[in-house]
Amino acid sequence: METVTITLKKVPDLYLECDSVTPDKFAGKNAEQIAALPCSEGKCNYVLGDWFEIAGSAAATPAETKIVVNGPGTDKCKYIGAWMKAGEVVVNGTADMFTGGWMEGGKLTVKGDVRSFSGLQMKGGEMLIEGRAWNYLAAAYRGDWRGMQGGLIRVKGDVGSDLATFMNGGTIIVEGNADIHVGTHAEGGTIIIKGKAHRRVGGQMVKGEIFVFHGCDVMMPGYKKIEEKEIEVDGEKHVFNVFIGDLGERHPKSKGQVVYGHIYTLKE
């Protein structure tokens, strides 16, 4: 794998739109050609070389290309890794909005936090967030009904509100806590929260699974406990309370059985 390292030369006054920073765009290019790729700050158009020192050349294919993004100032860079389909991106710091949005493949690692709308409508690949995630992680775009559809997101810290709104598939693992609204309108996928959730978990959920190890401050009234069950989750077995719902929604049938969404909490 060939590595390209890009390092911010100055911190943007506004926010830098970096949708060119993907292995798909870098593949087959040398440092000079990468420097000519477009970016923008507000209404002003630039090229990456105006903002970044660029070292190294990309491989012939995205799958064999790795990008390392250095700061300071990475927290003012939006769209890093958005729409990427292969290869690897590592951000040594916090990344701004839409990081990994619409991602279809490859691996994206953020050593700090990611801000709101990251992993938006993700379809595949793997995202590792070593800090915390802000609001609307893996959610649908405003006005759309398709949230995360595939892939894996792992967050080492906490997540903000509106996690995985309209989720259709894929897996999210949160090692910390979650704020209000988790999996609202979900129609598939798996959410694992190893801490606790505030409230409004699984509202209007049709199908899918939400594991909240240490429970919710308030369980939605549309959920009913049906059993206790031992389940292996992220490599560990635990006994969970199993709830079905949201009972106020219409649910499909499979082989004559109603398909519900499930919420699981650890049995105390």
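These numbers come from the heavy atoms of this one structure, side chains and all, not from hydrogens, waters or symmetry mates.
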Is the closest side-chain heavy-atom distance between Val182 and Arg200 below 4.5 Å? no
Between CE of Met84 and CG of Asp24, what distance do you get to the nearest 0.5 Å? 6.5 Å
Before you tell me yes or no, could you show the steps for Arg154 and Glu175 under salt bridge (charged side-chain N to carboxylate O under 4.0 Å, His left out), namely the whole-Å CA-CA distance, both residues' side-chain angles and the distance that decides it to 0.1 Å? CA-CA 8 Å; Arg154 183 182 291 270; Glu175 298 188 7; 3.0 Å; yes
Supply the atom-to-atom distance Leu16 CG to Leu48 CG, rounded to the nearest 0.5 angstrom. 7.5 Å
Could you tell me whether the side chain of Val201 reaches within less than 4.5 Å of the side chain of Ile210, counting heavy atoms only? yes
Nearest heavy-atom neighbours spanning Cys77 and Leu8: SG-CD1, 3.8 Å
Pairwise side-chain contact, Val4 with Val68, heavy-atom cut-off 4.5 Å (strictly under): no
Going by atom types alone, do Asn45 and Ser40 pair a side-chain donor with an acceptor below 3.5 Å? no
Ignoring hydrogens and geometry, is there a side-chain-to-backbone donor-acceptor pair from His185 to Gly183 under 3.5 Å? no
Judged by atom type as modelled, is there a donor-acceptor pair below 3.5 Å linking the side chain of Asp19 to the main-chain atoms of Tyr79? no
Donor-acceptor pair between Asn92 and Asn70 side chains, under 3.5 angstrom: yes
Please report the interatomic distance CD(Gln204) to OG1(Thr165), rounded to the nearest 0.5 Å. 11.0 Å
As a test of understanding, state which of Asp179, Asn135, Thr184 forms a side-chain hydrogen bond (donor to acceptor under 3.5 Å, both in side chains) with Ser161. Asn135
Does Lys156 pair with Glu130 as a salt bridge, N-O distance under 4.0 Å? no
Using the rule that Ile, Leu, Val, Met, Phe, Trp and Tyr join whenever any side-chain heavy atoms are under 4.5 Å apart, tell me whether Val212 and Phe240 fall into a single cluster. no
Is Leu14 reachable from Val47 through a run of hydrophobic residues whose side-chain heavy atoms are each under 4.5 Å from the next? no
In short, Gly28 meets Ala58 closest at the heavy-atom pair N-CB, 4.1 Å
Would you say Glu32 has more than 12 foreign heavy atoms packed within less than 6.0 Å of its CD? no
Flag the pair Tyr136 / His181 as yes when at least one side-chain heavy-atom distance between them is below 4.5 Å, and no otherwise. no
Determine, stepwise, if the pair Asp234 / Lys194 fulfils salt bridge (charged side-chain N to carboxylate O under 4.0 Å, His left out). CA-CA 10 Å; Asp234 198 26; Lys194 295 190 175 181; 2.6 Å; yes
Tell me, yes or no, whether the heavy-atom count around Lys267 atom NZ, taken from other residues, nucleotides or ligands under 6.0 Å, exceeds 12. no
Quick check against the 3.5 Å criterion: does Thr65 have a side-chain atom that pairs as donor or acceptor with the backbone of Pro23? no
Above 12 or not: heavy atoms from other molecules or residues under 6.0 Å from CD of Glu268? no
Correct closest heavy-atom pair for Met122 and Glu126 would be CE-N, 4.0 Å
Under a 4.5 Å cut-off applied to non-hydrogen side-chain atoms, are Val239 and Leu266 in contact? no
Short question: side chain of Gln149, backbone of Gly170 - any donor-acceptor pair under 3.5 Å? no
Rounded at 0.5 Å granularity, tell me how far SG in Cys18 sits from NZ in Lys25. 11.0 Å
Under a 3.5 Å threshold, yes or no: a donor from one side chain and an acceptor from the other, between Glu209 and Tyr264? yes
Any side-chain to backbone donor/acceptor pair from Asn168 onto Phe166? Under 3.5 Å, distance only. yes
Taking side chain as C-beta onward, heavy atoms only, is Val21 less than 4.5 Å from Ile6? yes
Can you tell me how far CD1 of Ile54 sits from NZ of Lys29, rounded to the nearest 0.5 angstrom? 12.0 Å
Is there a side-chain contact between Ile172 and Leu163 (heavy atoms, below 4.5 Å)? yes
Would a distance-only check, ignoring hydrogens and angles, find a side-chain to backbone donor-acceptor pair under 3.5 Å from Thr99 to Asp96? yes
Indicate yes or no for a side-chain donor-acceptor contact from Asp113 to the backbone of Ala133 under 3.5 Å, with no hydrogens or angles considered. no
Locate the shortest heavy-atom distance separating Asp246 from His251; write the atom from each residue and the value. O-NE2, 2.8 Å
Is the His262 to Phe211 ring centre distance short of 6.0 Å? no
Donor-acceptor pair, Glu41 side chain versus Asp13 backbone, under 3.5 Å? yes
Does Glu232 have more than 12 heavy atoms from other residues, nucleotides or ligands lying within 6.0 Å of its CD? yes
For Asp217 and His198, which I'm curious about, is there any donor-acceptor pair between the side chains at under 3.5 Å? yes
Where is the tightest heavy-atom contact between Cys39 and Glu17, given as atom of each residue plus distance? CB-O, 3.3 Å
Relative to the ring of Phe98, is the ring of Trp102 parallel (under 30°), tilted (30 to 60°) or perpendicular (over 60°)? parallel
Main-chain N/O of Asp75 paired with Arg115 side-chain donor or acceptor, under 3.5 Å: yes
Would you say Glu249 and Tyr260 make side-chain contact, with heavy atoms under 4.5 Å? no
Ignoring hydrogens and angles, state whether a donor on the side chain of Lys225 or Asn241 is under 3.5 Å from an acceptor on the partner side chain. yes
Whether the side chain of Lys123 engages the backbone of Gly105 through a donor-acceptor N/O pair (distance < 3.5 Å, no angle test) should be reported. no
Show me the pairs that pass ring pair (Phe, Tyr, Trp, His ring centres under 6.0 Å) and involve residues 24-75, at least two apart or across chains. Tyr46-Trp51
Of all heavy-atom pairs between Val11 and Lys76, which one has the smallest distance, and what is that distance? CG1-CD, 4.0 Å
